[in-house]
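Before any comments, here is the structure.
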Amino acid sequence: MINTLFRFLNLTFITLCILVVLSFALAYFFPGDTWLNLFGAEFIQDQPTLMLVAEQTNVLMAFWYYIQALLEGEWGVSFATGNALYPEIMRLLPATLELSLYAITIALVLGIPLGFIAGMQYHKKIDNIFMSSSMVMYSFPVFWLALLLILIVSLQAQWLPMSGRLSLLFDIPHRTGFILLDIWLSDVPYKQAALYDALQHLILPTLSVSFIAFAVFLRTTRRSVADVLQTEYIKCAQTRGLPSSTIFFRHVLRNALLPVLPLLALQISTLMTNVMIVETIFSWPGIGDWLIQAIYERDFPAIRAGMLLVAMVVVVMTLSLECLSQMIDPTRDRFAYARH
Amino acid sequence: MPDTSLYEEEHYPTPLQATWSEFRQRHVAVAGLGILIFFIIMAILGPLLTPFEPTTQHTDAVLLPPAWNDNGSILHILGTDALGRDMLTRLFYGTQITLFSSIITVLVALCFGVILGVIAGMSAGLRSSFINHILDILMLTPTLLIAIIIMAMLGTGLTNAMLAIGLALIPRFVHVTRDFVRQEMSKDYILTAKLDGATSSALFIYNILPNMVERLIVQGTLAISIAILDISALGFLNLGAQTLMPELGVMIADALSTAYIAPWNILLPGLAIFLMVLSVNIVGDGLRSAHRNRMSH
């Protein structure tokens, strides 16, 4: 256990270090002046000593200053808006996390049980229906799906709003950044109405992201259940005459869930891409929408900082899930890279 | 008289033939293959079939609905877009660009992935650890993020989008290759070849690669569907192919401003992407099941 945790921390640390080095190197690869790309124009004007340092030092010293600045929360200044990047990203990140969290929850809550049903009915009618519909579902381009939802639900039927997080009528003070939590914590008189409105805004983006994730989770679970059902110990349990509910809860459920977890960890990066695309379509004020705006504006400090943070979040989340799955099932040894 | 030439009479299918006969028994998979072949033929022959150019603007027929609509014209079967460009023509060219650029991306990624995978699978210690760390980061970073970084460095364009997606696809092939090579390296037939004095490269080319081809085909097919989705998504976000190019994602992005009065301009390119991805997925899934069935027999 401790060994696993140590390996996990080590791997996370190394990975984060590589990310920081990469983000530093990006400033050299981007067109334009390196120090300008790193911190933005206003930031350098405010700190003339930094400019002096930049002119006098070599790459290694520059990297050392970069790390110091990162740790102090000085992530530079945006070209486009002139705002400090760190607070801006921290304000946007909760919106993205909120969207991904709800989407992944819906996909898990629906996908895994249905995957179990399909797996238990392996190659029967229900399984075939589930498999073909999930195949159709995950072939959907996420941006097209989002546009279809907007066209049908928002424009034609006018049931749900098509963009943003909350109607402009409501003024909710910013606390955690998670809109539902913010409304819950605030003491405005129109709490109920605001909550209802926020939920209405959430439905379409969450649906478009979870649609595809759901199909992937269903298929993964179904495959794993089908594999477990073919093992000898299930056959043995069946010949011993155990009731099928006992077989399911004692043998199938746990063994089938084990390989699902690491496969889900691999889905996080795909999910993140989809969340970012959906954000731009629904004008969801999250980090994806912001990053894509940054690339249109060639806002290099913003791209560097946003990329660093999103990559860090994804890497830490994925590796934590890996670590969890390895602690549950010690026979998997994925962190042992140097061996073999 | 008993049949003496027993061995000559028996037909032993090669592994590929066996997989194909398994694949053929799945009607859905064959149908998917049919749709895919239809798209490929359309992508190749489409430009010859249509009388228009994808960029020609018919100013007398702007935002024409498809021919089955009352206001449609048989001249433009699938209607025209906001600039009066023929939809069907643009779909042909769009399919060509999206599908073929995806296939090229996957092929290039496959080559690099296999080479890296072999190095990772056959090496040990620090080198293996280093390769695996780098690949983990590549795999964990969302494709869109890689694309954004590459766009920031090199500028937008279809080639750069392909580069980004190729980079994101490489780890998949590396994983398949690495795991397979590791698994095979401990088997007896490799040991025999090793005792005969085969070098690592000879081991891979003559002994491991032939056993791996099928897996690579399955992975490559599934990767094509991802590449199609990603290339069109980048085109849609205006990060990949640029506005003048009739790429399917770009066409959807162009049609956004007239989405309310001309929804078919969004529906048709999206449907083309969807059907393409669906058929590739069905074929890939069919190939995977066929391969699995053959291995389990």
Side-chain angles (χ1 to χ4, degrees), chain A residues 11 14-15 18-19 22-23 26 29-31 128 131-132 135-136 138-145 147-148 150-152 155-156 219 265-266 268-277 280-281 288 291-292 294-296 298-300 303-304 306-307 310-311 314-315 317-319 337-340, chain B residues 28 121 123-126 128-134 136-137 139-149 151-156 168 182 185 225-226 228-230 232-233 236-239 248-249 252-253 256 259-260 263 266-267 269-271 273-282 285:
Chain A
L11 184 67
I14 294 177
T15 315
I18 295 178
L19 278 178
L22 279 181
S23 77
L26 283 182
F29 290 131
F30 287 154
N128 287 339
M131 285 318 274
S132 25
M135 171 83 84
V136 169
Y138 89 72
S139 300
F140 263 96
V142 66
F143 54 96
W144 191 55
L145 178 70
L147 288 176
L148 284 187
I150 288 182
L151 273 181
I152 296 168
L155 284 176
Q156 297 288 335
R219 294 178 78 86
L266 286 182
I268 288 183
S269 71
T270 319
L271 188 97
M272 211 62 194
T273 302
N274 286 345
V275 168
M276 286 161 82
I277 295 173
T280 49
I281 294 172
L291 258 180
I292 288 168
I295 180 87
Y296 292 151
R298 292 283 179 277
D299 190 347
F300 296 119
I303 295 171
R304 180 193 47 83
M307 163 261 156
V310 174
V314 174
V315 163
M317 283 206 308
T318 315
L319 290 182
Y337 281 157
R339 271 208 313 225
H340 291 284
Chain B
V28 182
S123 61
L126 194 62
S128 154
S129 171
F130 179 74
I131 294 176
N132 285 317
H133 273 119
I134 296 285
D136 259 16
I137 292 183
M139 187 137 101
L140 299 185
T141 316
T143 320
L144 190 58
L145 214 56
I146 300 179
I148 286 177
I149 293 167
M151 301 305 146
M153 283 195 281
L154 306 173
T156 50
R182 278 213 178 128
M185 283 304 267
S225 78
I226 297 172
I228 294 175
L229 285 177
D230 285 351
S232 53
F236 173 76
L237 293 174
N238 205 4
L239 298 176
L248 293 174
I252 296 181
L256 272 187
Y260 194 66
I266 288 183
L267 296 182
L271 198 65
I273 302 174
F274 169 65
L275 283 179
M276 230 167 1
V277 174
L278 184 64
S279 62
V280 172
N281 274 336
I282 290 174
D285 202 58

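If you're wondering where the values come from, they're calculated on a predicted model, not measured in any experiment. Numbered from 1 within each chain, the chains take letters A, B, ... in sequence-line order.
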Answer whether the closest heavy-atom distance between the side chains of Leu145(B) and Leu291(A) falls below 4.5 Å. yes

Closest approach of Trp144(A) to Leu271(B) (non-hydrogen atoms, all atoms of both residues): CZ2-N, 3.4 Å

At a heavy-atom separation under 4.5 Å, does Met139(B) approach chain A through its side chain, its backbone, both, or neither? both

Cut-off 4.5 Å, heavy atoms of chain B, and the answer for Phe29(A) is both

Options Met272(A), Arg298(A), Met307(A), Met317(A), ranked by heavy-atom pairs under 4.5 Å with chain B, top entry: Met307(A)

If we define contacts as heavy-atom pairs under 4.5 Å, which of Thr141(B), Leu237(B), Ile273(B) has the most with chain A? Leu237(B)

Using non-hydrogen atoms only, which part of Ile252(B) is less than 4.5 Å away from chain A: side chain, backbone, both, or neither? side chain

Is the shortest heavy-atom distance from the side chain of Asp285(B) to the side chain of Arg219(A) under 4.5 Å? yes

Quick one: what part of Ile150(A) sits under 4.5 Å from any heavy atom of chain B, side chain, backbone, both or neither? neither

Residue Val136(A) versus chain B: region with a heavy atom under 4.5 Å: both

Would you sort out whether Leu256(B) and Leu147(A) count as a side chain to side chain contact (heavy atoms under 4.5 Å, CB included), showing the intermediate values? CA-CA 9 Å; Leu256(B) 272 187; Leu147(A) 288 176; 3.4 Å; yes

Report which part of Phe236(B) has an atom under 4.5 Å of a heavy atom belonging to chain A: side chain, backbone, both, or neither. side chain

The interface call for Ile268(A) against chain B, heavy-atom contacts under 4.5 Å, is neither

Measure Ile282(B) against the heavy atoms of chain A and call it side chain, backbone, both or neither at under 4.5 Å. both

Does any backbone or side-chain atom of Leu148(A) lie under 4.5 Å from a heavy atom of chain B? Answer side chain, backbone, both or neither. side chain

Taking the side chain as everything from C-beta on, heavy atoms only, tell me whether Ile303(A) gets closer than 4.5 Å to Met151(B). no

First locate atom CG of Leu144(B), then atom OG1 of Thr280(A), and finally report the distance between them rounded to the nearest 0.5 Å. 8.0 Å

So what's closer than 4.5 Å to chain A heavy atoms on Thr143(B): side chain, backbone, both or neither? both

Honestly, the part of Thr318(A) sitting under 4.5 Å from a heavy atom of chain B is side chain

Using a cut-off of under 4.5 Å for heavy-atom pairs, which of Ser232(B), Ala168(B), Ala147(B), Pro263(B) has the most such pairs with chain A? Ser232(B)

Sort Asp230(B) into side chain, backbone, both or neither according to what part of it lies under 4.5 angstrom from a heavy atom of chain A. neither

Which atom names give the shortest non-hydrogen contact between Ala233(B) and Ile277(A), and what distance separates them? CB-CD1, 3.8 Å

For a quick test of reading the model, state the closest non-hydrogen atom pair linking Leu140(B) to Val314(A) and the distance between them. O-CG1, 3.0 Å

When heavy-atom pairs shorter than 4.5 Å are enumerated against chain A, which of Thr156(B), Ile228(B), Asn281(B) gives the highest number? Asn281(B)

Might you point out which heavy atoms bring Pro142(B) and Thr273(A) nearest each other, and give the distance in Å? CB-OG1, 3.3 Å

List the atom of Ile148(B), the atom of Ile295(A), and the distance in Å for their closest heavy-atom pair. O-CD1, 3.4 Å

Using the side chain to side chain contact (heavy atoms under 4.5 Å, CB included) rule, take Leu278(B) and Phe140(A) through it: C-alpha gap first, then chi angles, then the decisive distance, then the call. CA-CA 8 Å; Leu278(B) 184 64; Phe140(A) 263 96; over 6 Å; no

What closest approach, in Å, do Pro141(A) and Leu229(B) show between heavy atoms, and which atom pair accounts for it? CA-CD2, 3.5 Å

Contact origin within Leu267(B) toward chain A - heavy atom pairs under 4.5 Å: both

